[in-house]
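Scroll down for the structure; my scribbles are underneath it.
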Amino acid sequence: MKHIQRIYLLLIALLSVLWLLADTVLSEPYNFFSLRTSLMNYTGIIGIGVMSIGMMLAIRPAIGENLLGGLDKSYRLHKWLGITALVISIIHWLWAKGPKWMVGWGWLTRPARKPAAEQTVPLFQFFQSQRHLAEEVGEWAFYAMVLLIALALIKRFPYRYFFKTHRLLAIVYLVLVFHSTVLMKYTYWDHLIAPLMAVLMAGGTIAALMSLFRQVGAQRQAVGAIEEIQYHTDNRVLKVVINLKDRWSGHVAGQFAFLTFNRSEGPHPFTISSAWNEDGKLTFLIKGLGDYTDTLPATLKAGDLVKVEGPYGRFAFDDNKSRQIWVAGGIGITPFIARMQALAEQANAREIDLFYSTAAPDEDFIAKIQASADKAGVRLHILRSDADGRLSADRVCAAVPAWSSASVWFCGPKNFGNALRQDLLAKGLSGNDFHQELFDMR
């Protein structure tokens, strides 16, 4: 998480410093309206800058995964950038509208407007002729952006509608690129900030067009057919085995894929719960956690076609520790099942303890996990949260005396993971040794 925070702050700081070097806010005598102009330029730079980077992250580029440590981290940064764009754009709008309101109320006196400097550069002449249009469409795009980002942040807004409305942000973004390009201060082109913004907006434009033409993840997509379905009623977990009809690049344990069972619903991310055996088969364990996943046991059937996009994620158990502690909460068991299958085929020398905490134990399901653990040489600890309570750091350390030499891999409810991480770090575990899949795509 701190890595994402550092990158986020670095982006904001870089844009701020480059703007400050290009603007005249520090060199001109103080004047409210000149300050207003500078701060409108600043908020415009930050707003379209973070939107551009967020738009590029939305198309799931491999470089984003490599830099940030997984697609889940990319989407977390994407969310922060979206919230930043929302807040900064509101401030930008207030700087544009507020002084006009205050002039109308008699609180301020507008200074005499100076004639615009004559432009000799043909491109700037064109921009100057489009300023009124850019202001008008930019204002309406702002209103649309506020609505669409607000809907994206409301978790109760159904995913199937979010999936459709969120794509409209690509159109809004393209309008805001026009607005920003035309209204950017011309003298900024004598400094680094304008070329940088041009590069960011060009990258964001390409990403927006890819989104509109549904090319996101197109190179990672494969079509498969459902081969087997099994529903565990006690813990409401649906096992889905997919037989791929297209080429699949392979995956490692801990990665996930986007599955599209219904085009109108859109793709949903699910962890792959099987190792890759080059047989074209993928297994997913899907927990009924919402309106959509609750309906899958009744709507899916063998033979249905499925679009699979992936693999994604960096929850790959790859460290130099001789001991690992795995903690699974509920359906968070899925990446560990895949890893145990891989270890059963190619064991390593690590000592591994798996703590599986479940509120809805299914004996048949647990028996299969125990069998997988036995084959992989993993010590399995089952905790029934209704009887045993939530797994604590004290309980982990008591069960694994050599815990301080281990890395911890957690997959499960966010609050559960955050609490466990905090307690283990308080006991002396290094933050770099606690790995947690964020897996929150909204």
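Side chains included, hydrogens not; waters and symmetry mates left out as well; all remaining heavy atoms used.
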Could you give the distance from [atom1] ([X]) to [atom2] ([Y]), rounded to the nearest 0.5 Å?
X    : Y    : atom1 : atom2 : result
H191 : L21  : NE2   : CG    : 8.0 Å
I45  : L20  : CD1   : CG    : 12.5 Å
L151 : F162 : CG    : CZ    : 10.0 Å
I4   : R6   : CD1   : CZ    : 10.0 Å
T293 : L238 : OG1   : CG    : 9.5 Å
I48  : M197 : CD1   : CE    : 6.5 Å

(message) For the residue pair R167 and F163, would you count it as a cation-pi contact if the rule is NZ or CZ under 6.0 angstrom from the ring centre and within 45 degrees of the ring axis?
(response)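 Satisfied, under 6.0 Å and within 45°.
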(message) For the residue pair R60 and F258, would you count it as a cation-pi contact if the rule is NZ or CZ under 6.0 angstrom from the ring centre and within 45 degrees of the ring axis?
(response) yes
Side-chain touch [X]/[Y], heavy atoms, less than 4.5 angstrom:
X    : Y    : answer
V172 : F142 : no
V50  : I88  : no
F261 : I226 : yes
W248 : L282 : yes
S16  : I46  : yes
Q230 : D364 : yes
Y188 : D23  : yes
S274 : K281 : no

Does [X], at its [atom1] atom, have more than 12 non-hydrogen atoms belonging to other residues, nucleotides or ligands within less than 6.0 Å?
X    : atom1 : result
F124 : CZ    : yes
K375 : NZ    : no
I63  : CD1   : no
K245 : NZ    : no
D190 : CG    : yes

Donor-acceptor pair, side chain of [X] and main chain of [Y], under 3.5 angstrom:
X    : Y    : answer
K287 : G332 : no
R236 : G288 : yes
H78  : G54  : yes
T295 : Y292 : yes
T283 : S273 : no
Y159 : P267 : yes
D423 : L420 : no
T43  : M40  : yes
N243 : A225 : no
E65  : G313 : yes

NZ/NE/NH1/NH2 to OD/OE distance under 4.0 Å, [X] and [Y]:
X    : Y    : result
R350 : D319 : yes
R76  : D72  : no
R323 : D353 : yes
E135 : K97  : no

(message) Walk me through whether V237 and D362 qualify under side chain to side chain contact (heavy atoms under 4.5 Å, CB included).
(response) CA-CA 9 Å; V237 171; D362 182 293; over 6 Å; no
Closest non-hydrogen atom pair, [X] against [Y]:
X    : Y    : value
G69  : R314 : O-CB, 3.4 Å
P311 : G250 : CG-O, 3.3 Å
Y356 : L380 : CB-CD1, 4.3 Å
L383 : R395 : CD2-NH1, 2.9 Å
S357 : S385 : OG-CB, 4.1 Å

(message) Let's go through I369 and M340 carefully: what are the C-alpha distance in whole Å and the side-chain angles of both, what is the deciding distance for side chain to side chain contact (heavy atoms under 4.5 Å, CB included) to 0.1 Å, and is it a yes or a no?
(response) CA-CA 9 Å; I369 294 175; M340 288 189 294; 4.1 Å; yes
(request) Report the relative orientation of the aromatic rings in W409 and H435; use parallel for angles under 30°, tilted for 30 to 60°, perpendicular for over 60°. (result) parallel
(request) Indicate the ring-plane relationship of W326 and F317, choosing parallel, tilted or perpendicular according to the 30° and 60° boundaries. (result) tilted
Any side-chain donor paired with an acceptor under 3.5 Å for [X] and [Y]?
X    : Y    : value
Y173 : T205 : no
N418 : Q422 : no
S74  : Y312 : no

(request) Go through Y8 and T84 one step at a time and tell me if the side chain to side chain contact (heavy atoms under 4.5 Å, CB included) criterion holds. (result) CA-CA 10 Å; Y8 169 80; T84 302; 2.6 Å; yes
(request) Run the numbers on F178 and L174 for side chain to side chain contact (heavy atoms under 4.5 Å, CB included), then give the verdict. (result) CA-CA 7 Å; F178 170 72; L174 293 175; over 6 Å; no
(message) With salt bridge (Lys or Arg N to Asp or Glu O under 4.0 Å) as the criterion, how do E363 and R384 come out once you've worked through the C-alpha distance, each side chain's angles and the decisive distance to 0.1 Å?
(response) CA-CA 11 Å; E363 296 305 324; R384 292 167 169 82; 3.1 Å; yes
